[in-house]
Amino acid sequence: FPTTTWWTRNLLMRIEQASPLRGRRVLVAVSGSIAAVKTPLLVSALVKAGAQVRCLVTPSGAALVSPVALASLSRHRCYLDADQWNPTASRPLHIELAEWAEVTIVAPLSASSLARWSLGSADGLLASVLLATEAPVIAAPAMNTAMWRHPAVQRNWLQIQDFPGVIPLLPVSGLLACDRVGDGRMADPTLIQLAAESVFSRGPGAIDASNDWLGKSVLVSAGPTQERIDAARFLSNRSSGRMGVLLAQAARFRGATVHLVHGPLDLPDAWLEGLQRTPVESADQLSTALQLELPSSDVLVMTAAVADLRREKAPEDKLAKQQLQAVLSSGWAEVPDLLADLSHQRRPGQLVLGFSALTGNDTHLLERAESKRLAKGCDLMMVNPVDRDGRGFGDQPNGGWLLGDGWHREMPVTDKLSLSHQLLDALIKATDQAAESMDS
């Protein structure tokens, strides 16, 4: 296709406007934690993304956030415990809500509601819905640090993670309403929305939160690297880090333990919550961090856009403008090929997914990409034709081709979260094939 056409412009516009949540049925449940004051922000964001939203509030939750406010923001009545048994209703409310919802979000999840859920108690509307639903449940606990760390709470938290379809979002550290600094803050509403979008980004028939990555360790690199020119300038590129971060979160939502090594990012801070992270700047720092984490990882995903050149010795001071031309014309060295180095260091059974930004004709592009995949020694390579709309650095959508051993598959332009799930599906398949090969 030409670089820019009416068709591609309109396709990209539709992709950006079509949220995975559009038309989806989302139940938001609020229990008794002061973090409930943030839930209206989540409800408003879900509605703006096109979701059909219903809310229910526990008695203690209703003391902290107004059911009227939730009803107004969701454009639908807010359900209370008193509504559960209505003599005029033909079916129990908790069954109606459980069957209506395509995903349930419990935000915040209090210690009391967590305990009832873990024990299988049906005491109250929320507890009954959680037992009756067969849809995914996003659990976002929030409480005082000491409460969160109590052995009984930790036992209950581990218990619910064994339930089918649960997507656990750990609380984060920060200043709590009780003035204590520590773990216990509810996950940011932006991250909770991302988890809900992830549920609906898994392809046809995949309203599925099965933890198919549970027990696997994934190492992801993301974002650009920066190489110093002087104290004020650096060489870099336009990578935002969006592809790598969304892939890391998608793997985490599917049960993986994820370590993200990233350069400077241009993304919402909330998207990084819940990930083990190592921030870096230069290619040397990226290499060191990846070498450290590689031995304990099952899969390496290299989405980072590594700068190609670095200064052999960068000046400590800011150069005058008149000095720049002389400095830029000499003293540069190639950055080592991190993907090739790491691919050749991996142990048997480890899988590597590389990314390659290329330009040019389809046929020649795929030939060059396959040569690149073989030279770098990676199992799978995602090729981005960055000279085409919607597939370059910083774009919200992405697409291209996925190459494996003797095959390639076109990856149509879609949002990066959906593409992340497609790549994780391909990696799961490759992991199974590698395991079968080693067994035989």
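Atoms considered below: every heavy atom in the structure, side chains included; atoms not considered: hydrogens, waters and symmetry mates. In what follows, residues are counted from 1 in the order of the sequence shown. Since the structure is predicted, the reported quantities are computational estimates derived from the model, not experimental observations.
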Residues [X] and [Y]: side-chain donor-acceptor under 3.5 angstrom:
{"X": "Thr190", "Y": "Asp188", "answer": "yes"}
{"X": "Thr278", "Y": "His259", "answer": "yes"}
{"X": "Asp284", "Y": "Ser282", "answer": "no"}
{"X": "Arg155", "Y": "His150", "answer": "no"}
{"X": "Ser128", "Y": "Gln84", "answer": "yes"}
{"X": "Ser343", "Y": "Lys376", "answer": "no"}

Could you give the distance from [atom1] ([X]) to [atom2] ([Y]), rounded to the nearest 0.5 Å?
{"X": "Leu109", "Y": "Ile138", "atom1": "CG", "atom2": "CD1", "answer": "12.5 Å"}
{"X": "Asn398", "Y": "Leu417", "atom1": "CG", "atom2": "CG", "answer": "12.5 Å"}
{"X": "His344", "Y": "Asp337", "atom1": "NE2", "atom2": "CG", "answer": "9.0 Å"}
{"X": "Leu130", "Y": "Ser113", "atom1": "CG", "atom2": "OG", "answer": "8.0 Å"}
{"X": "Leu260", "Y": "Thr303", "atom1": "CG", "atom2": "OG1", "answer": "8.0 Å"}
{"X": "Trp401", "Y": "Leu358", "atom1": "CH2", "atom2": "CG", "answer": "10.0 Å"}

Please check if the side chain of [X] supplies one atom and the backbone of [Y] the other of a donor-acceptor pair under 3.5 Å.
{"X": "Asp83", "Y": "Tyr79", "answer": "no"}
{"X": "Gln226", "Y": "Pro264", "answer": "no"}
{"X": "Ser297", "Y": "Leu300", "answer": "no"}
{"X": "Gln52", "Y": "Arg24", "answer": "no"}
{"X": "Asn211", "Y": "Trp213", "answer": "no"}
{"X": "Ser44", "Y": "Leu41", "answer": "no"}
{"X": "Thr133", "Y": "Val129", "answer": "no"}

Notebook entry, point to check: Can you check salt bridge (charged side-chain N to carboxylate O under 4.0 Å, His left out) on Asp298 and Lys216, steps first, answer last?
Noted result: CA-CA 6 Å; Asp298 298 308; Lys216 295 181 174 62; over 6 Å; no
Next item on the list: In sequence, state the C-alpha distance, the side-chain angles, and the governing distance for Asn86 and Thr88, and then conclude on side chain to side chain donor-acceptor pair (under 3.5 Å).
Entry: CA-CA 5 Å; Asn86 185 341; Thr88 65; 2.7 Å; yes
Next item on the list: List for me each residue that meets side-chain contact (heavy atoms from CB on, under 4.5 Å) alongside Arg180, sequence neighbours excluded, and say none if there are none.
Entry: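 Partners of Arg180 by the side-chain contact (heavy atoms from CB on, under 4.5 Å) criterion, ordered by chain and then number, come out as Asn144, Thr145, Ala146, Arg149, Cys178.
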What's the shortest heavy-atom distance between [X] and [Y], and which atoms?
{"X": "Met143", "Y": "Ala111", "value": "CE-N, 3.6 Å"}
{"X": "Trp271", "Y": "Val245", "value": "O-CG1, 3.7 Å"}
{"X": "Ala256", "Y": "Val218", "value": "CB-CG2, 3.9 Å"}
{"X": "Ala283", "Y": "Glu227", "value": "N-OE2, 2.9 Å"}
{"X": "Asp81", "Y": "Leu126", "value": "OD1-N, 4.4 Å"}
{"X": "Pro168", "Y": "Arg252", "value": "O-NH1, 4.2 Å"}

Beyond-backbone contact of [X] with [Y], side-chain heavy atoms, under 4.5 angstrom:
{"X": "Ile105", "Y": "Thr39", "answer": "no"}
{"X": "Glu370", "Y": "His408", "answer": "no"}
{"X": "Trp117", "Y": "Val166", "answer": "yes"}
{"X": "Leu351", "Y": "Leu380", "answer": "no"}

Note to self: Under the side-chain hydrogen bond (donor to acceptor under 3.5 Å, both in side chains) test against Ser198, which residue among Gln249, Arg254, His421, Gln193 passes?
What the structure shows: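 Only one of Gln249, Arg254, His421, Gln193 forms a side-chain hydrogen bond (donor to acceptor under 3.5 Å, both in side chains) with Ser198, namely His421.
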Electrostatic pair [X]-[Y], nearest N-O below 4.0 angstrom:
{"X": "Arg310", "Y": "Glu334", "value": "no"}
{"X": "Asp212", "Y": "Arg202", "value": "yes"}
{"X": "Asp379", "Y": "Arg346", "value": "yes"}
{"X": "Asp266", "Y": "Arg238", "value": "no"}

Note to self: For Asp405, I'd like to know if atom CG has over 12 heavy atoms of other residues, nucleotides or ligands within 6.0 Å.
What the structure shows: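 No, the 6.0 Å shell around CG holds no more than 12 heavy atoms from other groups.
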Checklist line | Reference residue Val335; test side chain to side chain contact (heavy atoms under 4.5 Å, CB included); the match among Val306, Leu309, Asp308 | finding: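 Filter result, single survivor: Val306.
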Margin query: Among residues at least two apart in sequence or on other chains, which ones pass ring pair (Phe, Tyr, Trp, His ring centres under 6.0 Å) with Trp85?
Written below: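 Per chain and number, Trp85 pairs via ring pair (Phe, Tyr, Trp, His ring centres under 6.0 Å) with His94.
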